[in-house]
Amino acid sequence: MLAGIELGGTKVLVLRARGGTIVDRETIATTTPRETLSSAVAVLKRWHAEAPIAAIGIGSFGPLRLDRRAPDFGVMLPTPKPGWAGADIFGTLTAPFDCPAMIDTDVNGAALAELRWGAGALGDAPSDSLCYITIGTGVGAGFAFNGRTVHGAMHPEIGHIRVPRAPGDGFAGHCPFHGDCIEGLVSGPALAHRFGMPGHEIDPADPRWDDVASDIAHLVSTILLGTAARQVLIGGGVGMGRTGLLAKVRRNVVVQLGGYLPHVDDSSIGRIVMTPLLGDQAGPLGAVALAMDALSAKGVS
């Protein structure tokens, strides 16, 4: 039996799986670290008493310390989520269990799941490199290359890079750190600020969506050029919730790249820039994939 925890800003999914198949799940509200993590541990202890847990995978919102050499490995770094900065996510969730465990960001986990079981597994030649972008309350990105997630000093913080602005777009941006970084331009709160209304009320025919599509396309183009990822998936409430936005992004990517990448053109862009095939199951399955990797790292298959 494998255990997975997908720790989000509003809820936590605690999962039990056999291989890549989820057989049980429980949902916990994200409140304080002590209350939330204790509730998750209680579920794991109950399951462990029924059938021993062989490995634990944790996919969490961030930012996280993922350097295993660091004394604060697995700890939440400064975050806008009140009360969560400094919370020992990895230590609290794994200390009661004598089994291998792995922690990563939720978007890295989602990227790993999509690489193995989703968009990356399509066709006769499975992908070896994939980026998963989530556009919602914020903008985050996870990378899964050659079967493993990518991080170094930290995990990628793609949401806070700046992109070229569409001509005539005077929106100042909404990020408290950087103003018009990509998160400050296209996240849910940024769109509400840009359009002056909640996202679900924005007219899909509003011409300002062209500027949003240009911004997202510049992010995708930067990823394709900078990492050589074979696929870029666009998920999250904004990424998957706006009909017609993906088509605009694809057209912009082809134009912005200007033919420089020979494998990206009008005929191929639909296979390269996609929505997640696993939908809202990418995150939960990502936590399970991390548990599987933790088990494999201990020499058990």
Side-chain angles (χ1 to χ4, degrees), residues 8-11 61 80-81 106-107 110 114 118-119 131-142 158-224 231-258 264-283:
T10 58
K11 66 179 180 180
F61 72 92
K81 183 70 173 172
D106 48 1
V107 284
E114 284 285 348
C131 174
Y132 182 105
I133 302 172
T134 180
I135 306 176
T137 304
V139 176
I158 291 296
H160 293 279
I161 67 171
R162 283 190 166 89
V163 297
R165 302 293 300 278
D169 180 11
F171 177 52
H174 190 64
C175 174
F177 294 96
H178 311 115
D180 65 346
C181 63
I182 190 68
E183 181 170 294
L185 294 175
V186 305
S187 66
L191 293 179
H193 191 198
R194 183 196 285 258
F195 287 85
M197 64 187 74
H200 66 277
E201 297 180 7
I202 302 172
D203 185 348
D206 191 309
R208 287 174 291 182
W209 281 115
D210 292 338
D211 295 338
V212 175
S214 174
D215 293 337
I216 297 173
H218 274 298
L219 175 63
V220 173
S221 298
T222 297
I223 290 167
L224 292 174
Q231 293 173 292
V232 178
L233 310 184
I234 302 177
V238 174
M240 293 189 291
R242 304 301 311 191
T243 303
L245 182 59
L246 183 63
K248 290 177 181 285
V249 170
R250 286 168 169 163
R251 287 194 295 270
N252 274 273
V253 169
V254 173
V255 171
Q256 289 168 7
L257 291 176
V264 181
D265 56 28
D266 289 330
S267 63
S268 66
I269 192 66
R271 298 187 301 274
I272 295 170
V273 181
M274 305 172 59
T275 54
L277 191 66
L278 299 175
D280 60 4
Q281 294 305 297

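Quick note: numbers below take in every heavy atom, side chains included, and nothing from hydrogens, waters or symmetry partners.
Formation of a donor-acceptor pair under 3.5 Å by the Ser214 side chain with backbone atoms of Asp210 is not found in this model. Side-chain N or O atoms of Glu183 include none that pairs as donor or acceptor with a backbone N or O of Gly138 at under 3.5 Å. In this structure, the side chain of Arg208 engages the main chain of Arg194 through a donor-acceptor pair within 3.5 Å.
Ile269 is listed as a side-chain neighbour of Val264, based on a closest heavy-atom distance under 4.5 Å. Contact of the Asp106 side chain with the Thr134 side chain is not registered, since no non-hydrogen atoms from C-beta on lie closer than 4.5 Å.
The two residues Pro276 and Tyr132 come nearest to each other via the heavy atoms CG-CE1, 3.5 Å. Annotation for Asp215 and Ile182: closest pair O-CD1, 3.4 Å, computed over non-hydrogen atoms.
In this view, His178 and His160, Arg162, Cys175, Cys181 satisfy the side-chain contact (heavy atoms from CB on, under 4.5 Å) rule, not counting sequence neighbours. Checked against side chain to side chain donor-acceptor pair (under 3.5 Å), Ser221 has the following partners two or more places apart in sequence or in another chain: Gln256.
Between Val273 and the options Val220, Ile133, Ile223, a side-chain contact (heavy atoms from CB on, under 4.5 Å) holds for only Val220.
The aromatic rings of Phe195 and Trp209 sit tilted relative to each other, their planes meeting at an angle between 30° and 60°.
In this model, a donor atom of one side chain and an acceptor atom of the other lie less than 3.5 Å apart for Asp265 and Ser268.
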Using distance only, find each side-chain donor-acceptor pair of residues 233-240 under 3.5 Å and give its atom names and separation, not counting sequence neighbours.
none

